[in-house]
Amino acid sequence: MGARFEELAWRETPIGEISLRRRLDPALQVEVYEVKLDDEYLMSSLFPVAEIELARLGLAELAGDALDVVVGGLGLGYTAKAALDDPRVRSLLVVEAIEDVIDWHRRGLLPFTAGLAEDPRTRFVRADFFAAVAGDTGFDADAPGRRFDAVLLDVDHSPRNVLHPSHASFYTPVGLRRLAALLRPEGVFALWSDDPPDAEFTATLSQVFTTAQAHVVPFANPLTGGQSANTVYVARP
């Protein structure tokens, strides 16, 4: 075990102070990696199940191989790493607004996602995911309008609880149609949410996509000794 507590990285950003911390949980006797935005916890290595399932559930909908995938929001890297674990993935474009978060992975600060930055299929793009969707270029400035087989998004807490007010318009029919235009005809859009399934948002997805389903992802919560759950939405054109 390392030190009881260590702040590995810190930076002031346009949306607040973001920090990466490592601490020893005295009850569980494990090292825990956490990301905070100001005083709010964004993610923890104690709860990676739904982030992994975001990739698994999204990619499970796709047939064939040579898949080109976008991950929106890098964070601790669980979704991106899980996508690379699928041998059908040919390329992975990770869109992350904060350069420091990308740097955490390039510096190898997160041992559980070792190899993510070095994998030849991975390409990091420092950009605002939501601005990229709303813009004319899309996710890949080197290939404007490029389409992908899957877009896996984990940035906001939920469609109703966004990190910045500018994100809210993405979760409307207009914003989702822009996203759908960046998918190949048989592509998939998958979204992580910290809230229970939202019938109103599922209905909004159904206005844009042919199919839309909310998957409840339960996981053991070592802090409460019980079970918690996140939601993964999966939609197809």
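In this chain, residues are counted from 1 in sequence order.
For Glu6 and Arg22, the salt-bridge test passes: some basic side-chain N is under 4.0 Å from an acidic carboxylate O. Salt bridge status for Glu51 with Arg56: absent, with no side-chain N to carboxylate O gap under 4.0 Å. Between Arg146 and Asp140, at least one side-chain N (NZ, or NE/NH1/NH2) sits under 4.0 Å from a carboxylate O, which counts as a salt bridge. Ion pair Glu34/Arg23 flagged as a salt bridge, since at least one NZ, NE, NH1 or NH2 atom sits closer than 4.0 Å to an Asp/Glu carboxylate oxygen. One finds a salt bridge joining Asp142 and Arg123 here, because a Lys/Arg side-chain nitrogen approaches an Asp/Glu carboxylate oxygen to under 4.0 Å.
Following chains of ILVMFWY side-chain contacts shorter than 4.5 Å, one can reach Val101 starting from Leu8, so the two form part of one hydrophobic cluster. The hydrophobic cluster containing Ile102 also contains Phe112, counting ILVMFWY residues as joined when their side-chain heavy atoms lie under 4.5 angstrom apart, directly or transitively. Under the 4.5 Å side-chain contact rule for hydrophobic residues, Val30 and Tyr33 share a cluster.
Inspection of the His167 and Asp156 side chains reveals an N or O donor paired with an N or O acceptor under 3.5 Å. Side chains of His157 and Glu40: a donor on one and an acceptor on the other come within 3.5 Å. Asp198 and Tyr233 are not linked by any side-chain donor-acceptor pair at a separation below 3.5 angstrom, with hydrogens and angles left out of the test.
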Stepwise, does the salt bridge (Lys or Arg N to Asp or Glu O under 4.0 Å) test hold for Glu17 with Lys36?
-> CA-CA 8 Å; Glu17 296 177 359; Lys36 291 185 69 177; over 6 Å; no
Under the side-chain contact (heavy atoms from CB on, under 4.5 Å) rule, what do Leu110 and His105 come out as? Steps first, then yes or no, please.
-> CA-CA 6 Å; Leu110 301 163; His105 293 270; 3.3 Å; yes
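The number of heavy-atom neighbours closer than 6.0 Å to CG of Asn161, taken from other residues, nucleotides and ligands shown, is above 12.
Below 30°, between 30° and 60°, or above 60°: for Phe170 and Phe189 the angle between ring planes is above 60°, a perpendicular geometry.
A 4.5 Å side-chain heavy-atom check between Trp192 and Thr79 finds every atom pair outside the cut-off.
Of the possible donor and acceptor atoms, none in the side chain of Arg21 sits under 3.5 Å from a partner among the backbone N and O of Val35.
The only option from Val232, Val234, Val217 that meets the side-chain contact (heavy atoms from CB on, under 4.5 Å) definition with Leu54 turns out to be Val232. Each of Val69, Asp68, Val188 was compared with Phe148 under the side-chain contact (heavy atoms from CB on, under 4.5 Å) criterion, and only Asp68 meets it.
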